[in-house]
Amino acid sequence: MKKFLCTMLASVMMAAMLFTGCGKSSMAGVYKVTSMTEDGEDYTELLNAMGMTIYLELEEDGTGSINMYGETMDVEWDDDEITIDGESQEYDYSKGTITMEEDGTSLVFEKLTKDELEEYESDN
């Protein structure tokens with residue numbers, strides 16, 4: 001019986017550790033906009049050509065910042081919404097990609113790779 005209880009406890013602890021990675025901690029990191037469309041028109045190439053990059057930094061504690069064209073604003077976030085400058089926006093998250101859509105505008109953020117993150121950190 002003692003062995004059974006130890007095995008069950010170990011299984012519960014392993015499951016808890018696996019599910020811990022599903023929420024905020026797995027989303028924490030630095031993202032950049034890889035796609036921006038408005039009313040069906042794609043503005044991604046234009047932003048890239050002008051050197052205008054949007055970065056979103058999410059901390060594990062539900063805070064963060066967004067750097068849009070050199071202007072930084074505070075961010076709060078949870079499993080449902082990202083709030084930027086008092087404006088809340090629902091988002092979808094899947095495999096390192098955050099998608100935000102509203103009124104015909106769509107922003108797609110992708111989590112930075114290790115090399116991109118090092119470059120970002122050296123510039124900021």
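Note: hydrogens, waters and symmetry copies are ignored here, and every other heavy atom, side chains too, is used.
Within 6.0 Å of CD in E57 there are more than 12 heavy atoms belonging to other residues, nucleotides or ligands. Enclosure of atom CD in Q89 by more than 12 non-hydrogen atoms of other residues, nucleotides or ligands within 6.0 angstrom is indicated.
Atoms CD1 and CG, from I66 and D85 in turn, are 10.5 Å apart once rounded to the nearest 0.5 Å. Here the straight-line distance linking atom CG of N48 with atom CD of E45 works out to 7.5 Å at 0.5 Å rounding. Rounding to the nearest 0.5 angstrom, the gap separating the OG atom in S88 from the CD atom in E76 is 8.5 Å. Separation of atoms CD (E102) and CD (E87) is listed at 7.5 Å; rounding is to 0.5 Å. Residue E119 holds its CD atom at 9.0 Å from OG1 of T113, rounded to the nearest 0.5 Å. Note that CG of D78 and OH of Y91 are 6.0 Å apart. Values are rounded to the nearest 0.5 Å.
The salt bridge (charged side-chain N to carboxylate O under 4.0 Å, His left out) check on E38 picks up nothing, with sequence neighbours excluded. The side-chain contact (heavy atoms from CB on, under 4.5 Å) check on D74 picks up nothing, with sequence neighbours excluded. For T44, the side chain to side chain donor-acceptor pair (under 3.5 Å) partners are D42, not counting sequence neighbours.
Considering every non-hydrogen atom in both S106 and T99, the closest pair reads OG-CG2, 4.2 Å. Nearest heavy atoms, K111 versus Y31: N-CD2, 3.2 Å.
Side chains of D115 and E118 form a contact here, defined as non-hydrogen atoms less than 4.5 Å apart. Using a 4.5 Å cut-off on side-chain heavy atoms (C-beta onward), I54 and F109 make contact.
Listed for the W77 side chain is a donor-acceptor partner under 3.5 Å among the backbone atoms of T63.
For the side-chain contact (heavy atoms from CB on, under 4.5 Å) with I98, the lone residue among D92, V108, L56, V33 that qualifies is L56.
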